[in-house]
Protein chains: 2
Amino acid sequence: MLHHSILETLPRELQKDALESIQVMRLPPGKILFRAGEHCHGLPLMLSGGVKVQMTGISGNSIVLYRMGADDICTLSIGCLMTGYGYRAEAIVEDESEAAMIPRGLFDRLMDQSAAFRLGIMESYGRRLDDLMLLVEEVAFRRMDERLEEWLNLRRSPIHITHQELAVELGTAREVVSRLLKELERKGRVRLSRGRIDLIE
Amino acid sequence: MLHHSILETLPRELQKDALESIQVMRLPPGKILFRAGEHCHGLPLMLSGGVKVQMTGISGNSIVLYRMGADDICTLSIGCLMTGYGYRAEAIVEDESEAAMIPRGLFDRLMDQSAAFRLGIMESYGRRLDDLMLLVEEVAFRRMDERLEEWLNLRRSPIHITHQELAVELGTAREVVSRLLKELERKGRVRLSRGRIDLIE
DNA sequence: GTGCCAGTGTGACTTTATCACTGAACTGAG
DNA sequence: CTCAGTTCAGTGATAAAGTCACACTGGCAC
């Protein structure tokens, strides 16, 4: 079902209009929502599921910048939509998701006619900037073993992920993750197996 | 003089209105435009000069996130303005600057009534997200010696800066900067003196 | 001058990144 | 099932970067 809180805020008539011209996309896990360099043809509103946004540097290394979940707005798309530049990052569907595509014309109309819609967009932008600022600090100054433990503790055991994927989450090298995990296993905090991490206690 | 391209785009009548309720601030070097935790009472438009935005992590380390110059918009303020949260970063005036303060009410009105104003705001947001994404990649993956040289080569010799300040620019430790600079001096690329770096050639 | 202090230099050590390689675990074809 | 190919994980060696501790020094205030 098409349900997103930013659409709820619209006046009844505008909402009706909107619901007609919006198409809902079903996104299976692994699907690429957009790639680096691609152009943007609409603003995706996340209805359900989960999508990660990551970027690959010139060095070839990648890092996950943030995630989008139900009721999020793909803020990154707005910039591409307005300036016509291509995406700098890529978005990969993690959990079975649904997203509503708002075409450029409708976006302009909603921005023009609804203060609540504008507020939603601005808030979303603000949160995203905040996320990225925190990430910069994290990457620049925090210790990798702390960040790894924190990341693990935010999940529910067992965690299905390869060391390489975990390295991309943290923006480091696979070997570093392997060594730190091995250290945690020695301390009895985790149990390791291929593509899987079990948290202990 | 109050001149900012986003104001130029306004329809004549709105522009007249705007110019009346906007107050211009003179900002001497060293002045703090806003501090972390402070609340925001308007959107600053940069008319001239230069301001750096930096953030201090829990660790106490700081890093420069980006700079604002003439004709820029302090995008970071919009989020604070709309959500009411405090700033996460601080803004420090570097060169003698002027900024126009757009109060909340006027901002809302401009967003409501001018598509060009909205476009300007969105573009500014997009650029800022882009900047931060590039910074994340830079901090996570690039070598410090390269980043240092690049930073130096973007300035005009002599550069008046302490090693500590340069460390904040790059998000690293003072000792690292000192050692890398010493290495550059040994290679004959720079000449070092207290609070000053001369580029050679 | 003398004392003070921000700024700088450097050794010792830890943490993280990179490179190179090994072996183990899974997959699919036959 | 067996074998070959591929992905994933472990690890040593080495280099780069971060941390801690402390010595030195240039310039300003008195």
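Chain letters run A, B, ... following the sequence lines, proteins first and then strands; every chain starts at 1.
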Partners of B:Asp72 by side chain to side chain donor-acceptor pair (under 3.5 Å), sequence neighbours excluded?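 For B:Asp72 there are no side chain to side chain donor-acceptor pair (under 3.5 Å) partners, ignoring immediate neighbours.
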Could you list where the contact with chain A starts and ends along DNA chain C, reading 5' to 3', using a 4.0 Å heavy-atom cut-off?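 Footprint of chain A along DNA chain C, 5' to 3': C:dT15 to C:dC26.
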Under a 4.0 Å heavy-atom cut-off, which of [range] touch DNA chain C?
| range | answer |
| --- | --- |
| residues 189-201 of chain A | A:Arg194 |
| residues 139-156 of chain B | none |
| residues 177-188 of chain B | B:Arg179, B:Lys182 |

Do any pairs count as a side chain to side chain donor-acceptor pair (under 3.5 Å) and have a residue in residues 111-120 of chain A, sequence neighbours left out, and if so which ones?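 For residues 111-120 of chain A: A:Asp112-B:Arg118, A:Arg118-B:Asp112.
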Hey, could you give me each pair passing ring pair (Phe, Tyr, Trp, His ring centres under 6.0 Å) that has a residue in residues 14-57 of chain A? Not counting sequence neighbours.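 Passing the test, one end in residues 14-57 of chain A: A:Phe34-A:Tyr87.
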Does anything in residues 136-187 of chain A form a ring pair (Phe, Tyr, Trp, His ring centres under 6.0 Å)? List the pairs, not counting sequence neighbours.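 Listed by first then second residue: nothing to list.
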Can you tell me if B:Lys52 has over 12 outside heavy atoms packed within less than 6.0 Å of its NZ?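 For B:Lys52, atom NZ is crowded (more than 12 foreign heavy atoms under 6.0 Å).
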Please report how far the helix from C:dG1-D:dC30 to C:dG30-D:dC1 bends, comparing the axis fitted to its first five pairs with the axis fitted to its last five, to the nearest 10 degrees.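 Inter-axis angle at the ends, rounded: 30°.
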Partner of A:Glu185 under side-chain hydrogen bond (donor to acceptor under 3.5 Å, both in side chains), chosen from A:Lys187, A:Arg189, A:Lys182: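 It is A:Lys182; the other options fail the test.
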Sequence neighbours excluded, which residues qualify as salt bridge (charged side-chain N to carboxylate O under 4.0 Å, His left out) partners of B:Glu94?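 Salt bridge (charged side-chain N to carboxylate O under 4.0 Å, His left out) list for B:Glu94, sorted by chain: B:Arg67.
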Applying salt bridge (charged side-chain N to carboxylate O under 4.0 Å, His left out), name anything that partners B:Arg155, two or more places apart in sequence or on another chain.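 Salt bridge (charged side-chain N to carboxylate O under 4.0 Å, His left out) list for B:Arg155, sorted by chain: empty.
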Indicate yes or no: at least one non-hydrogen side-chain atom of B:Met55 is less than 4.5 angstrom from one of B:Leu65.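 Yes, at least one pair of side-chain atoms sits under 4.5 Å.
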Near DNA chain D, under 4.0 Å by heavy atom, which residues of residues 169-176 of chain B?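 B:Thr172, B:Glu175, B:Val176, in order of number.
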